[in-house]
A.B. asks: 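Sharing a structure with you now.
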Amino acid sequence: MKKVKQAVALLILRLCLLANIAGLSHGALQVGFYRGKCGIADVEMIVAGVVTARFIRDPTVVAALIRLQFHDCFVNGCDASILIDATNSEKTAIPNLTIRGYDIIDEAKAAVEGFCPGVVSCADLIAIAARDAVFLGGGGRYEVQTGRRDGLVSLAQSVSISIPGPSASIPQTMAVFANKGLNLTDMVLLMAHCSIFKDRLYNFRSTGRPDPTMDSFLANKLRARCPLDTTTTAANNTVDLDQNPFQIPFLDNSYYRQLMLNRGVLEIDQELALHPLTRATVMSIANALDFPIQFGAAMVKMGAIEVLTGMQGEIRRFCTATNWPPFT
Ligand SMILES: *[C@@H]1O[C@H](CO)[C@@H](O)[C@H](O)[C@H]1NC(C)=O
Ligand SMILES: *[C@@H]1O[C@H](CO)[C@@H](O)[C@H](O)[C@H]1NC(C)=O
Ligand SMILES: *[C@@H]1O[C@H](CO)[C@@H](O)[C@H](O)[C@H]1NC(C)=O
């Protein structure tokens with residue numbers, strides 16, 4: 001029975017991919033898709049309220065929400081498939097260990113459902129929340145596109161083939177990004193940025209410690225590369241910085257400047273700064289005066305990967321389950 005379900009899921013997955021290749025689902029995203037569609041309520045304002053309240057309690061949600069969108073979009077498109085709770089869903093795959101923020105999306109969903117049930121997709125909530133996270137993290141505010149629909153399929157096995165591992169080579173990583181329609185600049189902006197993995201190094205699942213599955217030698221090297229920002233509002237001077245949960249993550253290009261200044265220590269970042277294919281891009285980002293604009297543009301591009309629009313997919317009632325659950 002499970003085999004059949006998986007075969008059907010794979011078939012649907014392939015059909016979705018084909019539809020995307022045929023271009024059937026592109027071009028329908030727009031800024032302000034929900035304007036006038038949720039009574040007098042402003043959907044983006046509601047989400048911003050939820051994310052901001054969380055951010056005040058826990059600034060590490062910035063990295064968490066950006067990574068949530070990264071993982072959603074790279075696996076089977078930006079369709080909220082990462083939110084599905086099921087035996088073999090994407091969530092259960094290994095990279096889920098570094099992902100948090102599911103509850104923020106659930107909270108935002110409950111809030112918008114209170115104004116206009118069945119209108120706002122979970123996939124859009126992820127995108128809007130990530131935009132707010134970037135803004136709160138000091139990365140600037142970009143206009144987020146909306147109009148995505150929610151996917152019906154979520155499979156753990158899709159994860160490993162879609163997310164480039166930390167030891168992937170530059171050409172391998174480039175191929176993964178190119179396959180999603182993202183170029184070298186997008187890759188360096190999205191992949192290399194510490195925010196993608198930062199709280200794995202410092203505050204894994206709010207424990208105040210690094211991810212225990214991460215090699216400690218590796219973690220220490222990464223921590224040297226991605227120091228926590230020292231501008232902090234926290235009053236607790238006695239606590240070691242690394243264990244201080246009250247850090248304001250700051251999204252800027254200082255990471256790239258470090259890459260250019262320090263000789264590389266570690267695989268992917270060392271390679272980014274030294275590899276002939278990426279060196280110029282890293283340097284250009286390190287020197288960019290418009291980093292927030294570039295980063296926002298890459299986020300928008302990522303948010304358009306293999307989206308479902310129009311009549312495709314559905315609008316989930318609860319983000320953790322499809323409406324007619326064939327795969328739970
Ligand atoms: C993450 O994956 C582990 C291992 O497969 C699983 O036990 C856990 O429930 C998953 N976490 C979530 C939030 O789904
Ligand atoms: C990547 O695409 C963006 C537009 O989406 C463009 O501004 C940038 O120059 C491109 N970078 C490369 C290396 O082609
Ligand atoms: C400082 O940190 C310790 C240990 O985490 C905690 O018990 C204490 O309440 C903190 N103090 C303040 C003022 O935040």
Side-chain angles (χ1 to χ4, degrees), residues 17 20-33 65-79 123-124 126-135 137-148 162-164 168-196 251-260 264 267-309:
L17 287 177
N20 279 322
I21 289 161
L24 293 178
S25 62
H26 283 299
L29 292 184
Q30 63 188 81
V31 171
F33 177 82
L65 288 170
I66 295 170
R67 199 167 42 239
L68 184 65
Q69 193 185 15
F70 177 80
H71 278 263
D72 183 37
C73 291
F74 268 73
V75 184
N76 202 23
C78 313
D79 66 346
D124 279 340
I126 293 175
I128 298 169
R131 185 275 305 272
D132 294 336
V134 170
F135 173 64
R141 188 179 166 82
Y142 56 90
E143 295 280 8
V144 64
Q145 294 190 319
T146 40
R148 295 168 193 79
S162 309
I163 301 279
S169 71
I170 297 287
Q172 280 167 344
T173 308
M174 279 172 67
V176 172
F177 275 74
N179 187 35
K180 303 288 178 192
L182 300 180
N183 69 21
L184 201 59
T185 312
D186 305 317
M187 180 184 103
V188 173
L189 283 165
L190 296 170
M191 181 75 193
H193 204 277
C194 293
S195 65
I196 298 293
L251 283 172
D252 63 13
N253 54 351
S254 57
Y255 172 67
Y256 301 93
R257 288 200 291 269
Q258 289 175 53
L259 284 190
M260 295 311 299
E267 296 163 281
I268 191 78
D269 59 350
Q270 171 186 25
E271 273 188 70
L272 276 173
L274 298 179
H275 200 287
L277 285 169
T278 45
R279 183 173 172 79
T281 306
V282 171
M283 196 184 302
S284 136
I285 293 172
N287 295 323
L289 298 175
D290 64 343
F291 175 79
I293 292 169
Q294 290 195 27
F295 188 66
M299 289 292 289
V300 169
K301 228 165 141 180
M302 178 173 82
I305 294 173
E306 295 160 18
V307 291
L308 305 172
T309 55

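Whatever order the structure lists ligands and atoms in, that order sets their numbers, starting from 1. Keep in mind that the numbers below use all heavy atoms, side chains included, and drop hydrogens, waters and symmetry copies.
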A.B. asks: Identify the protein heavy atom lying closest to atom 9 (O) of ligand 2, giving its residue, its atom name and the separation to 0.1 Å.
C.D. replies: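 Going by distance alone, atom 9 (O) of ligand 2 is nearest to Thr185 OG1, 4.4 Å.
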
A.B. asks: Looking only at the aromatic ring of each residue, does the gap between the centers of Phe135 and Tyr142 stay below 6.0 angstrom?
C.D. replies: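 No - the distance between ring centres of Tyr142 and Phe135 does not fall below the 6.0 Å cut-off.
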
A.B. asks: Measure from atom 2 (O) of ligand 2 to the protein's non-hydrogen atoms and state whether any distance is below 4.0 Å.
C.D. replies: yes

A.B. asks: Report, in ascending order of atom number, the atoms of ligand 2 lying under 4.0 Å from any heavy atom of Asn183.
C.D. replies: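 Listed by number with element: 1 (C), 2 (O), 3 (C), 8 (C), 10 (C), 11 (N), 12 (C), 14 (O).
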
A.B. asks: Is Phe177 close to Asn183 at the side-chain level, that is, under 4.5 Å between some pair of heavy atoms?
C.D. replies: no

A.B. asks: Looking at Leu277 and Pro171, what are the two nearest heavy atoms and their distance?
C.D. replies: CD1-CG, 4.5 Å

A.B. asks: What is the nearest protein non-hydrogen atom to atom 4 (C) of ligand 2, stated with its residue, atom name and distance?
C.D. replies: Lys301 NZ, 3.7 Å

A.B. asks: Do Asp186 and Met302 make a side-chain contact, defined as non-hydrogen atoms from C-beta onward lying under 4.5 Å apart?
C.D. replies: no

